[in-house]
Amino acid sequence: MRCRKCGQTASINMHQHRLSLCKNHYNEWFIAYTKKTIEKYHLLKNGEKALVAVSGGKDSLVLWDVLNQLGYYTEGLYINLGINEVFPYSDRSQDYAQVFADKNKLNLRIFDVRAELGRDISNLVKQSQYGKNRPCSVCGIIKRHILNSVTRQHEFQIIATGHNLDDEVAVLFSNNLNWNLEQLSRQTPLLPETSDFARKIKPLCRSYERETTAYALLNGIEYIEEECPFSIGSKTNNIKTWFNQLEKDQPGIKFAYFTRFLAQKKAGFLSGVENLPIELHQCPKCGQPTTSEEFCAFCKLLDD
Ligand code: Q46
Ligand code: ZN
Ligand code: ZN
């Protein structure tokens, strides 16, 4: 297998793009491809201040690396969720994020959930009524709240997350199965900023997980390889396994499924749902905007 650009031994063969590349040409290609995604969906401009949500996993660290290589102003935020029961998942992930930041002289902000809120995800999952058997819902509410409050407090215009194509495909399929139009309408590489929320962007949404892994390995980016213990056996993981099998038989199927969905959305497939006005209120406890007329989901969860 030879690199299509220089003829040297290839480091990666991408059936989905019918392309084999050596390490140097792969790096060049991956960075240019991410830039193309940023431009195609108008995600980010030079001079804007982006906060990268860093989990210590490969995707968010690769994203931070690429945005940095492309010259964007970025800082990282690591939220230590306190998931340390089965093994020190959160603490280890934080170490990987910190090592990456130090190595690249980048600023990493840390939010320690237990220290700041007095309870961590593991406690909330065990103790709150809402949280029982719903660790990822609890985690989602906490992460959203913290990301919003850090972006407001430090005046970031943008939150960048490392969701890759495999993540997007799994979410899309799951929402497709339920025909959850509201969720489908919100699945996009860019959620525009409003007076209440920063813009949310996903620059790796067209990149296969295999591609982000290759970039991390070829560039010596160390990351936590273990998965969050709460994700084991999840519906999302099962869908990903199933799509990997499908992709083997039909290379490019994941890419087509996701990008054709985006094209249909652009053509107005979900315009009736997308344009519905959302009424927001201010949470009387924390001040963050919420669709609820009472306390927001975060405050309800902590009071539970
Ligand atoms: S960290 Fe949180 Fe994920 Fe773990 S508890 Fe679920 S949502 S699986 S990205
Ligand atoms: Zn080459
Ligand atoms: Zn609140």
Side-chain angles (χ1 to χ4, degrees), residues 1-14 19-30 32 53-60 78-94 97 111 113 117 120-126 128 131-149 152 161-164 166-168 170-171 174 196 202 209 214 218 223-224 226-238 240 280-304:
M1 202 173 59
R2 299 267 150 205
C3 171
R4 187 197 286 176
K5 298 254 165 110
C6 67
Q8 285 184 28
T9 307
S11 299
I12 181 164
N13 180 19
M14 294 174 283
L19 185 62
S20 301
L21 294 169
C22 68
K23 178 186 168 182
N24 289 345
H25 284 119
Y26 181 68
N27 280 344
E28 215 176 271
W29 175 86
F30 188 84
V54 182
S55 68
K58 60 186 177 325
D59 301 305
S60 54
Y78 178 78
I79 301 174
N80 188 316
L81 299 159
I83 302 174
N84 289 317
E85 276 185 334
V86 183
F87 67 98
Y89 171 73
S90 291
D91 291 349
R92 259 188 229 162
S93 307
Q94 180 174 331
F111 188 104
V113 172
L117 307 179
D120 54 35
I121 301 290
S122 300
N123 296 135
L124 285 165
V125 168
K126 274 195 221 133
S128 76
K132 271 203 181 84
N133 303 322
R134 306 177 69 182
C136 295
S137 306
V138 170
C139 185
I141 292 171
I142 300 276
K143 284 196 287 200
R144 248 190 320 276
H145 181 91
I146 295 168
L147 273 169
N148 286 337
S149 80
R152 281 176 145 205
T161 59
H163 295 93
N164 60 37
D166 296 51
D167 298 324
E168 293 301 311
V171 171
S174 176
D196 295 306
K202 300 174 192 165
E209 183 175 350
L218 291 172
Y223 59 89
I224 183 132
E226 292 100 330
E227 290 189 31
C228 169
F230 289 124
S231 76
I232 293 162
S234 69
K235 190 173 76 180
T236 308
N237 276 6
N238 293 341
K240 282 183 178 175
L280 291 175
H281 309 272
Q282 202 180 23
C283 170
K285 193 158 184 203
C286 69
Q288 279 206 13
T290 169
T291 48
S292 158
E293 290 192 24
E294 307 163 336
F295 290 160
C296 70
F298 172 82
C299 291
K300 277 188 202 152
L301 181 67
L302 289 187
D303 274 355
D304 199 2

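Whatever order the structure lists ligands and atoms in, that order sets their numbers, starting from 1. Start at 1 with the first residue, then count along the sequence.
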Quiz item: Got a sec: is C299 within less than 2.8 Å of the Zn ion (ligand 3) via an N/O/S atom?
Solution: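 C299 does place an N, O or S atom closer than 2.8 Å to the Zn ion (ligand 3).
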
Practice problem: Give the atoms of ligand 1, by number and element, whose distance to some non-hydrogen atom of F230 is under 4.0 Å. | Solution: 5 (S)

Quiz item: Which of the atoms of ligand 1 are close to C228, meaning less than 4.0 Å from one of its heavy atoms?
Solution: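 Those atoms are 1 (S), 4 (Fe), 5 (S), 8 (S).
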
Quiz prompt | Check: K23 and E28 side chains under 4.5 Å, non-hydrogen atoms | solution = no

Self-check item: Nearest to the Zn ion (ligand 2) - the N/O/S atom of H25, by atom name
Solution: ND1

What's the shortest distance from [atom] to any protein heavy atom, and which residue and atom give it?
atom                    : value
atom 2 (Fe) of ligand 1 : C139 SG, 2.3 Å
atom 9 (S) of ligand 1  : K143 NZ, 3.6 Å
atom 6 (Fe) of ligand 1 : C136 SG, 2.3 Å

Exercise. Take the Zn ion (ligand 2) as the vertex and measure to SG of C22 and SG of C6; round to 10°.
Key: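 Output for this angle: 110°, rounded to tens.
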
Self-check item: Degrees at the Zn ion (ligand 3) between the SG atom of C283 and the SG atom of C286, nearest 10°
Solution: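 Approximately 110° at the metal, rounded to tens of degrees.
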
Quiz prompt | Euclidean distance, L124 CG relative to I142 CD1, rounded to 0.5 Å | solution = 5.0 Å

Quiz prompt | More than 12 heavy atoms from other groups under 6.0 Å of CD on E226 | solution =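 Counting neighbours around CD of E226, more than 12 heavy atoms of other residues, nucleotides or ligands fall under 6.0 Å, so yes.
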
Exercise. Measure up the F30 and Y26 rings against each other and bin them: parallel (under 30°), tilted (30 to 60°), perpendicular (over 60°).
Key: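 Ring orientation of F30 relative to Y26: tilted.
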
Quiz item: Backbone, side chain, both or neither: what part of E227 comes under 4.0 angstrom of ligand 1, heavy atoms only?
Solution: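 No part of E227 comes within reach of ligand 1.
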
Exercise. For the pair K240 and D167, find out whether any cationic side-chain nitrogen is under 4.0 Å from an anionic carboxylate oxygen.
Key: yes

Exercise. Take H281 and S292, measure what side chain to side chain contact (heavy atoms under 4.5 Å, CB included) needs, and give me the verdict at the end.
Key: CA-CA 7 Å; H281 309 272; S292 158; over 6 Å; no

Self-check item: Under 3.5 Å side-chain donor-acceptor pair for N237 and E227
Solution: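 Distance-only check passes for N237 and E227.
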
